[in-house]
Structures are given as C-alpha cells and as structure tokens.
Amino acid sequence: MRPPAGVSRRTLLRAAAAGSTALAAGCSGGTRSVQVAVVWSTSELDRFREVVAGYPAPVQVVSAGNDIDAFLRARHLAGTSPDVAILPRPGLVTEYAQRGWLSPVLASTEYAVPAGLGELLTAEGQRYGVWVKAAHKSLVWHLPSMLPVQPANWDALVRRTQELGALARRDGGPAPLAIGAADGWVLTDWFENVLADVAPESYNALARPDADWQGGPVREALDRLAGLWSINGAFVGGGRRALLTQYEESVIQVVHTKRAVMLVGADFTADVADPFQRGPEAPVTFRFPGAQPGGGPLIVGGDAAVAFTDAQGGVELVEWLTRVDSFQPWLRAGGYLSPNTNVAIGSYRDRVGQGLAAEMRTPGTLRFDLSDQLPGAFTGSDGVGIWRIMQGFFADVTDGVRASEAIRRATGLLAAAARSAGGGR
C-alpha cells in the first residue's frame, strides 16, 4: 500500500508497531485496553500515564511523535486506528469528522471551557472532540536580575531591545532576545500575538476560507514584527544562528547560560526551564506586550481528545477525561493548564499556574492559536506552510532586507498557501 505523502519511515514503523500491539491486545481473550495515541513524550507522556492510571479500565498510551496526523493516517490505512487520540489542532478534529473517522463524543456535566473554544471541535452540529489541555501562549519569560523593570507596552519592549542590543554589541553583554526560530511555531506565536493586538477583528477572519492574507492587518502585524526583529544585536548569534536554534535551546539561553534576557514562550516553558535553573532565582513572566499598557490579547492553544469510529471504550474514556478530578495528578505535579473552567483555581500548586488559569477565564480577550485553525498543509509543520513562510520572513528582516520588500514576499506566499489549501484570496 502506498504510504501517504510526507509520512516518514520512522512514523510508519511506529504506527505499525502500535497497531500490532493493539491487535494482540484485542485477541488475547482478556480485557481489552483502551488505546490512546498522543503527541506527548518524556515528562508530559509520564504525567498523562499517571492521569489515566486512575481510569477504571486498562489504558494503553502510545506516543505518536510530533507528526500525529501522519501516524493516524497510517493507522487508518492499516485498519488499526486507536480508540482515542489527543490532537494538537482543531482543524484535524473537523477534518477527521468530515471523513467519517470519528464518533461523536459527550462531555461530562463538570466540563466547561471559555467562550469560542467548544465550537472549534464541532462539525455539522455534532461535538467530535473535547479540550483536555490548554496552553497560555502570550508570555514573556526572564530572570528578575536580568530585567528588573518589565516593558509596559510594545514601544517599551522595542526601546529595551535597542538598549540591550547596543550593550551586547559594545560590551559583549547578553542579547535582549532568545528565539528558537528553527521551530516554526515559535515565530507564528509571535505573529499571532501581534496580529491579535493590531487587528483583533481581523484575527478570527483569517481562519475562514475567504481570508485576505495580503490585506492591511497582516501587513501591519508583519511591519511591527520587522521593526523589532531587525534591531541590530537583538538575538544571540544573529538571525541566521537563531534559525538554527531549537526552542529548548532558546530557553537554556535565558535561564542557564544567561546569553539572552527575554524569551517569548508558552506556560509549558516552565517544564523546560526547571532542570536548567541555576541557583534559587526562578524565571518569571509578563504578558506579551500590546500597544497599550497592560498586555495585549491572550492567545491560547490546546490539545483535544477524540474517539475513533466504533470505539465505544474510547467514547467513555473521552467523557471521563472531562471530569474535574481526572487530571488532578498532572495538576499536582505542575506544568499543566486545564481548559476546564470548573477546575478550582486552588488545584494549581503554585501562584503562577493559578494566575494563568485566572487569566484564561477573563472574558473578552481570549483567542485560539490561528495557525492551528488553518486548513491542510497551510497550518504548518516542519518545512511547510505558515511555519516555513514565517521563517523566510524572519530570515529576510534579520538579513537586512527592507521591511516593505520582506512583507511583500511574505504576504504573497501566505496568500498562495491559503489558495493551495482551498481558501484565501
């Protein structure tokens, strides 16, 4: 059978091994485990296994790697789809539902999410997924000793970056910013935070089929980014080096080697930072700055649980995952933000988690990660879609290409990618 385009040999082997295990479990004559495919690995995988250890039936958790879409397509072709999957993009939930791969699911009576999130997981009026993990993506991390005064708005961030960049060039001090530009999602997080502040009404419209990717709001957001990213000395080793820097390394540059002062990163940055913290000083955060003091809009991401067709055990597990107490092991361990607004704020082990959970419940500011809502390959993954386009834009503006030319190139590519995915204009 011809594998789907873009599916790596490693992904196929992982899918085949997981499928064989599922079939063996199903033929053993004992109680069949409910199999769950997840994108998580290392500590997140361990935490989720602690969560489902509380489920009153055996649960087998399989890590599908970063490209869970390719993994699940291979399993579907082989006829060995898992019972449940945790998907990182709502676009996949609706696509799978429209293909007939999923069963409708129900949430428990204890489940509630901020306005606008639930609708992202429905198709033709049916709910096909539930949010089980959230990510606060509007944070800037730093050590207090490296940045005693936090920038109050975007202009203050630009001024501080210029000052620190000049010191870095003159005295060899730390660069103002660390950025893991090798991971395209890091750059789309920057773009989405700026876009939601520049043009909040246009933000949601860009997720629709008739989106205008060459319009004023996109150009204005890119222009604001170009003004900051092009500052001489802004990044450790310069722009080209930043394009080879992974997200994890950028965290280390701030909390361990102290080669950079600030890092834009989601709440899960704490998990990466913890092992590298030196001494008692822990990194702190402030909201991604908008034009006005007090921070801009809040961008959130999330992971959603779905049940595959005819997986009755899967539907029951998905419902259980929406109960208030199900994720208590992960809440106690830290590094977890619940999308369920009925989870008590006091369940979080520290004030940082409590504060982030409270921010998510503030009405009127929350917007879901735009790139995760885009269709097909436009949504981005390594080397394609909006991730690759934003890396090209970053390379241009840090290489000295005029902002107007860099914006012209980027918006042209964004519009073409949107059309290729069946939308845009």
Side-chain angles (χ1 to χ4, degrees), residues 51 86-94 105-123 125-139 185 188-189 192-197 199-208 265-270 285-288 290 294-306 318-328 330-331 334-348 350-374:
V51 167
I86 309 292
L87 299 175
R89 301 199 303 266
L92 288 180
V93 177
T94 53
V105 295
L106 296 172
S108 76
T109 56
E110 302 171 352
Y111 175 79
V113 295
L117 291 193
E119 292 85 343
L120 297 173
L121 305 179
T122 62
Q126 291 266 24
R127 183 205 298 267
Y128 284 94
V130 295
W131 295 109
V132 295
K133 188 173 186 293
H136 186 307
K137 308 187 84 171
S138 298
L139 298 172
W185 59 266
T188 58
D189 281 359
E192 288 156 9
N193 272 287
V194 171
L195 178 68
D197 187 55
E201 298 305 319
S202 298
Y203 182 95
N204 294 333
L206 285 171
R208 298 173 190 150
D267 60 286
F268 51 74
T269 298
T285 65
F286 61 94
R287 276 284 289 275
F288 190 97
L298 169 59
I299 306 298
V300 300
D303 298 308
V306 299
V318 168
E319 187 274 342
W320 182 83
L321 291 172
T322 64
R323 300 182 188 181
V324 164
D325 290 336
S326 297
F327 278 84
Q328 288 298 321
W330 207 339
L331 281 163
Y336 173 78
L337 189 58
S338 176
N340 190 345
T341 55
N342 285 330
V343 170
I345 294 290
S347 300
Y348 292 86
D350 55 41
R351 291 185 178 180
V352 174
Q354 292 170 7
L356 297 180
E359 280 188 34
M360 283 189 53
R361 301 176 190 194
T362 304
T365 62
L366 184 148
R367 286 177 173 75
F368 194 84
D369 187 298
L370 174 61
S371 58
D372 284 351
Q373 300 180 62
L374 300 179

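Note that these values count all heavy atoms, side chains included, but never hydrogens, waters or copies made by symmetry. For this chain, numbers begin at 1 and follow the sequence in order.
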Looking at every non-hydrogen atom in both residues, tell me the closest pair between [X] and [Y] and how far apart they are.
X      : Y      : result
Ser338 : Val343 : OG-CG2, 3.5 Å
Leu321 : Ala305 : CD1-CB, 4.1 Å
Arg287 : Pro297 : NH2-C, 3.5 Å
Gln328 : Ser347 : NE2-OG, 3.8 Å

Sequence-distant partners of [X], ring-ring contact (aromatic ring centres under 6.0 Å, His included), two or more places apart:
X      : result
Trp330 : Trp40, Tyr336
Tyr111 : none
Phe368 : Trp131

Main chain of [Y], side chain of [X]: is a donor-acceptor contact present, judged purely on distance under 3.5 Å?
X      : Y      : answer
Glu110 : Asn342 : no
Asp369 : Val300 : no
Ser138 : Ile299 : yes
Asp303 : Ile86  : no

When rounded to the nearest 0.5 angstrom, what is the spacing between [atom1] in [X] and [atom2] in [Y]?
X      : Y      : atom1 : atom2 : answer
Leu298 : Arg361 : CG    : CZ    : 13.0 Å
Leu331 : Ser326 : CG    : OG    : 10.5 Å
Asn193 : Tyr203 : CG    : OH    : 7.5 Å
Thr94  : Glu119 : OG1   : CD    : 13.5 Å

Open item on the list: Could you work out, with salt bridge (charged side-chain N to carboxylate O under 4.0 Å, His left out) as the rule, every residue matching Arg323, not counting sequence neighbours?
Closed with: Glu319

Open item on the list: Checking Asp189 now: which residues fulfil salt bridge (charged side-chain N to carboxylate O under 4.0 Å, His left out) with it, not counting sequence neighbours?
Closed with: Lys137

- [ ] Could you go through the side chain to side chain contact (heavy atoms under 4.5 Å, CB included) check for Thr285 and Thr269 one step at a time?
- [x] CA-CA 10 Å; Thr285 65; Thr269 298; over 6 Å; no

What I'd like to find out is whether the side chain of [X] reaches to under 4.5 Å of the side chain of [Y], using heavy atoms alone.
X      : Y      : result
Leu356 : Leu139 : yes
Asp372 : Pro90  : yes
Phe268 : Leu337 : no
Phe288 : Val194 : yes
Thr341 : Pro114 : yes
Trp320 : Val51  : yes
Val306 : Val105 : no
Leu117 : Leu366 : yes

Task: Pairing residues for Ala115 by the side chain to side chain contact (heavy atoms under 4.5 Å, CB included) criterion, not counting sequence neighbours - done: none

